[in-house]
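Order of listing sets the numbers, starting from 1, for every ligand and every atom in it. These values consider heavy atoms only, across backbone and side chains, with no hydrogens, waters or symmetry-generated copies.
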Amino acid sequence: MSRFFSSKYSGLVPYTPGEQPQDMRYIKLNTNESPFPPSEKARKYSAEALEKLQLYPDPECTRLREKLAEILGVEPCEILPTNGSDEILNFAFMAFGDEAHPAIFPDITYGFYTVYAELNGVPYREIPLKDDFTIDLSDYIGANKTIFIANPNAPTGIALKRCDIEKILESNPDNVVVIDEAYVDFGNESCVPLIHKYPNLLVTQTFSKSRSMAGARLGFGVACPELIRDLNTVKYSTNPYNINGMTMAAGIGALEDEEYTRANCRMIIKNREYTSTELKNLGFVMTDSGTNFVFAKHPDIDGGKLYSELKSRGILVRHFDKEKISEYNRITIGTHEQMEAFINAVREILGQ
Ligand code: PMP
């Protein structure tokens, strides 16, 4: 730390992103990316947008919001596109967290929540999940706090039912409840339709997973117009052009190719079922995943050891040092061929 670094950040522990190795080609099952390329129109429109790079992009993302609104069944004024869903999550901490509105979220969840809380000086409490990694609803009912819930959760993959989220929304009318739906497209109920019923609901989603656009950085929030206005105040006070022209064009293209996205999601779900079955046959214990990853441990091999053994065989998965989950690995679901290679490597490591 230099002597110039602001004292308000001196204790900040930044988020550690998953490895993006540049040294060799791995079968990359570590950061929940899609194994499929972006849609044809996403690629075509972003290539066309290159011709207009001398101009600033539309700060209001008008066409992108219109297209998204059509697909989600909401109004364009109920959507705010952001630079990945990470940015809308940061905006939410900035806009809806303070001393009077401390944040709560599970102890095992997306690691950025603590970082954003720290960064923005928002007091927060991490609420332990139950031993089976499910949420104890009673911790959130009437909590009177700003609530962040990834649904399905990461890295556990477990989803809460929409009717349970409604109980949280109803019992916290004076606080914003943020439902992070980064993985919603892999077979789960979205809370987006609830924004018309609950003025305290913000739903966040991303183009990084189901729409194969992690490299473009595109996410968005959906909420009632009043919440979106607050979030826009934060956006226009930080980076009005938060979505670059190529990304915006790619996003519109991806939405015009929605059937491609749906087909890819169906394929990931099929490959997830294959992977889960094979891992269970090999003796793994796993959570019930509604995402594009599985979360698994084996009684005979330490989580960190399995991670290293796989890496030495050219397969990257994600291991977290956090004590409660250090026996586990999170394995992104790739193509069927990738998952076969992964299962074969695991079989070899276990000597089965
Ligand atoms: N929420 C969750 C639960 C995630 O796992 C991720 C991806 N790491 C994000 C949000 C952010 O994704 P992105 O910024 O790529 O939209």
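Given atom 2 (C) of ligand 1, the protein heavy atom at minimum distance is D180 OD2, 3.4 Å. Summary of contacts: the protein heavy atom closest to atom 15 (O) of ligand 1 is S208 OG, 2.6 Å. Looking only at heavy atoms of the protein, atom 10 (C) of ligand 1 is closest to Y110 CE2, 3.4 Å. Considering only non-hydrogen protein atoms, atom 11 (C) of ligand 1 sits nearest to D86 OD1, 3.1 Å.
Ring geometry, F93 versus F148: the interplanar angle falls under 30°, so the pair is classed parallel (tilted spans 30 to 60°).
Interface atoms of ligand 1 facing R217, defined by a heavy-atom separation under 4.0 Å, are 13 (P), 14 (O), 15 (O). Distances below 4.0 Å separate heavy atoms of A182 from the following atoms of ligand 1: 1 (N), 2 (C), 10 (C). Near G84, the atoms of ligand 1 lying under 4.0 angstrom from a non-hydrogen atom of the residue are 14 (O), 16 (O). Atom numbering of ligand 1 starts at 1 in the shown order; those under 4.0 Å from a heavy atom of K209 are 7 (C), 8 (N).
Using a cut-off of 4.0 Å between Lys/Arg side-chain N and Asp/Glu carboxylate O, E126 and K322 are scored as salt-bridged. Taking the charged nitrogens against the carboxylate oxygens, E33 and K28 do have a contact shorter than 4.0 Å, which makes a salt bridge. Note on E256 versus K44: no salt bridge recorded, every NZ/NE/NH1/NH2 to OD/OE distance being 4.0 Å or above.
Within 6.0 Å of atom CD in E40, 12 or fewer heavy atoms from other residues, nucleotides or ligands are found, so the atom counts as exposed in its surroundings.
With F112, Y15, Y183, Y113 as candidates, the residue nearest to atom 5 (O) of ligand 1 on a non-hydrogen basis is Y183.
Residues satisfying the salt bridge (Lys or Arg N to Asp or Glu O under 4.0 Å) test with K280, not counting sequence neighbours, are none.
With a 4.0 Å heavy-atom cut-off, ligand 1 is reached by the backbone of S85 and by its side chain too.
Residue Y241 shares its hydrophobic cluster (ILVMFWY side chains chained together at separations under 4.5 Å) with Y56.
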